[in-house]
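Beneath this line is the structure, given in structure tokens, with notes to follow.
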Amino acid sequence: MYIIILAMIFLVCTAIKSWRRKLGTLILAGIPYLIVGVVIPTFVLSTLHIAPGESNEILAVPMQQVANVAHNHKDDLSASEITDIEQIYHMDINQLQQAYCWYKADPIKGQQLSSEDEHKLIRTWAEQLIKHPGDMLAAWGGLSAAWFSFNVTVGNDRNLSMLLPISNSGHHYQGIERYVPWVDNTKAGNAVETFYMDTLLATPVFNVIWQKAFWATILPSAIMFLILTFGRQKKKLNLLTLNAPMLITMLVLFAGPISTYTEATRYVLPMLYIVPLFLFLTLGQLQSEDDR
């Protein structure tokens with residue numbers, strides 16, 4: 001929803017000259033918001049008795065940043081700041097220090113935030129950003145590391161920056177086995193994983209394409225380089241507008257709460273579909289400019 005709306009607004013501001021078309025584009029941009037942001041939460045979810053998502057999910061990054069400050073600078077915090085932090089995270093400062101993990105925010109965001117907690121978090125985040133900007137940046141970098149770096153390992157696990165294939169169905173509700181037989185591992189799944197680990201990832205150079213960073217930043221940055229280097233001056237803005245959905249998707253990845261852990265694969269998956277499309281569209285436009 002955010003990608004569509006931002007891309008449409010960017011289109012209105014850069015490429016569309018007619019006010020009638022500008023208005024039509026803004027209306028099209030508003031439709032996803034009305035459906036996803038108003039109609040579904042207001043009517044569909046309540047009708048189906050579906051509980052709304054927890055507010056702490058969208059605040060995972062600032063929560064991780066404040067937790068990193070508490071982890072590194074507990075002695076620099078005042079008594080009132082510690083009290084606010086303990087109320088926000090629903091744990092004492094020592095528990096928060098132990099729970100903090102540099103590559104994922106789940107250990108420190110497992111509670112529902114009230115509106116009062118959210119206001120305290122925003123205020124605390126702003127105060128600590130001024131006092132400890134380096135720790136704030138480091139906390140964000142830990143969550144985003146695999147989007148711009150290769151071979152980000154976590155503990156004794158295998159390289160979690162790889163695009164690991166799903167070769168089992170171990171995550172399921174146990175009660176479903178009363179109704180449907182559920183096999184966690186299959187011969188086909190195990191064969192795919194073996195071929196992936198022993199062949200695809202063992203081939204030098206070729207194994208780069210299985211890194212999340214390759215799709216999250218390297219290819220999009222390469223497309224921007226092509227535009228800025230080979231695009232004609234008058235057409236560069238149009239080419240950037242053409243690639244706006246891809247570039248905004250890339251920025252959304254960096255705003256997310258996780259990159260190194262295996263489950264982050266699903267967040268980068270859209271880039272695998274859209275990057276080749278925008279690469280060929282860009283190359284086609286650059287080629288047509290050369291022909292002229």
Side-chain angles (χ1 to χ4, degrees), residues 1-17 21-22 25-26 28-29 32-33 58 60-61 65 103 133 136-152 159-163 204-261 264-292:
M1 179 178 69
Y2 303 113
I3 295 169
I4 293 173
I5 292 174
L6 289 174
M8 288 291 201
I9 293 175
F10 191 58
L11 179 66
V12 167
C13 296
T14 58
I16 298 179
K17 306 303 181 183
R21 292 184 178 181
K22 286 180 182 288
T25 303
L26 290 175
L28 289 175
Y33 174 78
I58 200 171
V61 173
Q65 291 175 311
Y103 62 86
M136 291 287 195
L137 181 62
W140 169 83
L143 295 180
S144 301
W147 299 142
F148 54 77
S149 176
F150 288 159
N151 299 324
V152 180
N159 189 338
L160 295 181
S161 66
M162 299 173 182
L163 295 174
V205 181
F206 180 72
N207 57 8
V208 170
I209 69 173
W210 306 106
Q211 302 282 338
K212 290 197 286 288
F214 181 74
W215 299 95
T217 55
I218 293 177
L219 280 180
S221 298
I223 293 174
M224 291 184 65
F225 174 80
L226 290 174
I227 293 172
L228 297 176
T229 303
F230 300 104
R232 293 185 178 181
Q233 193 64 36
K234 294 182 178 180
K235 296 294 184 179
K236 287 181 180 180
L237 186 58
N238 286 343
L239 287 172
L240 290 174
T241 302
L242 172 68
N243 286 274
M246 179 194 65
L247 300 176
I248 295 171
T249 303
M250 180 179 69
L251 295 177
V252 169
L253 290 177
F254 283 96
I258 190 170
S259 70
T260 59
Y261 213 54
T265 301
R266 69 177 185 262
Y267 298 131
V268 79
L269 184 61
M271 297 293 277
L272 273 71
Y273 295 105
I274 65 174
V275 167
L277 171 64
F278 285 104
L279 175 60
F280 285 114
L281 288 174
T282 300
L283 291 175
Q285 289 293 316
L286 292 174
Q287 181 64 40
S288 64
E289 290 182 6
D290 292 339
D291 293 341
R292 296 193 192 100

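- Thr241 meets the side chain to side chain donor-acceptor pair (under 3.5 Å) test with Thr14; sequence neighbours excluded.
- When atom types are taken as modelled, the side chain of Trp147 and the backbone of Leu251 share no donor-acceptor pair closer than 3.5 angstrom.
- The closest donor-acceptor contact from the side chain of Ser288 to the backbone of Gln285 lies under 3.5 Å.
- The two residues Met271 and Leu253 have their closest heavy-atom pair at CG-CD1, 4.1 Å.
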Residues Leu247, Met224; criterion side-chain contact (heavy atoms from CB on, under 4.5 Å); working and verdict: CA-CA 9 Å; Leu247 300 176; Met224 291 184 65; 3.6 Å; yes
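- Residues Arg21 and Ile16 share a closest heavy-atom pair of CB-CG2, 3.5 Å.
- Within the 4.5 Å cutoff, no side-chain heavy atoms of Leu239 are placed close to those of Leu281.
- Atom CG of residue Leu11 and atom CG of residue Leu26 lie 9.5 Å apart, to the nearest 0.5 angstrom.
- Thr282 places no side-chain N or O within donor-acceptor distance of the main-chain N or O of Ile223, the cut-off being under 3.5 Å.
- A donor-acceptor distance shorter than 3.5 angstrom exists from the side chain of Lys22 to the backbone of Val12, with no hydrogens or angles considered.
- Counting all heavy atoms, side chain and backbone alike, Ala244 lies closest to Phe10 at CB-CD2, 3.5 Å.
- Under the rule for a side chain to side chain donor-acceptor pair (under 3.5 Å), Thr249 has no partner lying at least two apart in sequence or in another chain.
- Note that OH of Tyr33 is 7.0 Å distant from CE of Met1, once rounded to the nearest 0.5 Å.
- Rounding to the nearest 0.5 Å places CG of Leu219 at 11.5 Å from CD1 of Ile274.
- By the neighbour-count criterion of 12 heavy atoms within 6.0 Å, atom CZ of Phe148 is densely surrounded, having more than that number from other residues, nucleotides or ligands.
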Intermediate values then yes/no, side-chain contact (heavy atoms from CB on, under 4.5 Å), Phe278 and Leu283: CA-CA 8 Å; Phe278 285 104; Leu283 291 175; over 6 Å; no
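- In this structure, Ala7 and Pro245 approach most closely via the heavy-atom pair CB-CG, 4.1 Å.
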CA sep, side-chain torsions, deciding dist, call: Phe254, Leu143, side-chain contact (heavy atoms from CB on, under 4.5 Å): CA-CA 8 Å; Phe254 283 96; Leu143 295 180; over 6 Å; no
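- Atom CG of Leu237 is separated from atom CG of Leu242 by 11.5 Å, given to the nearest 0.5 angstrom.
- In this structure, the separation between CG on Leu272 and OG1 on Thr265 is 9.5 Å, given to the nearest 0.5 Å.
- The minimum heavy-atom distance linking Met8 with Ala29 is given by the pair CB-CB, 3.3 Å.
- Thr260 OG1 to Lys212 NZ: the interatomic distance, rounded to the nearest 0.5 Å, is 7.0 Å.
- Partner Phe225 forms a side-chain contact (heavy atoms from CB on, under 4.5 Å) with one of Thr229, Ile227, Leu228 and no other, that one being Thr229.
- Side chains of Tyr2 and Ile248 form no contact here, defined as non-hydrogen atoms less than 4.5 Å apart.
- At a threshold of 4.5 Å between non-hydrogen side-chain atoms, the residues Val252 and Tyr267 do not count as touching.
- The heavy-atom pair separating Ile258 from Ala264 by the smallest distance is O-CB, 4.0 Å.
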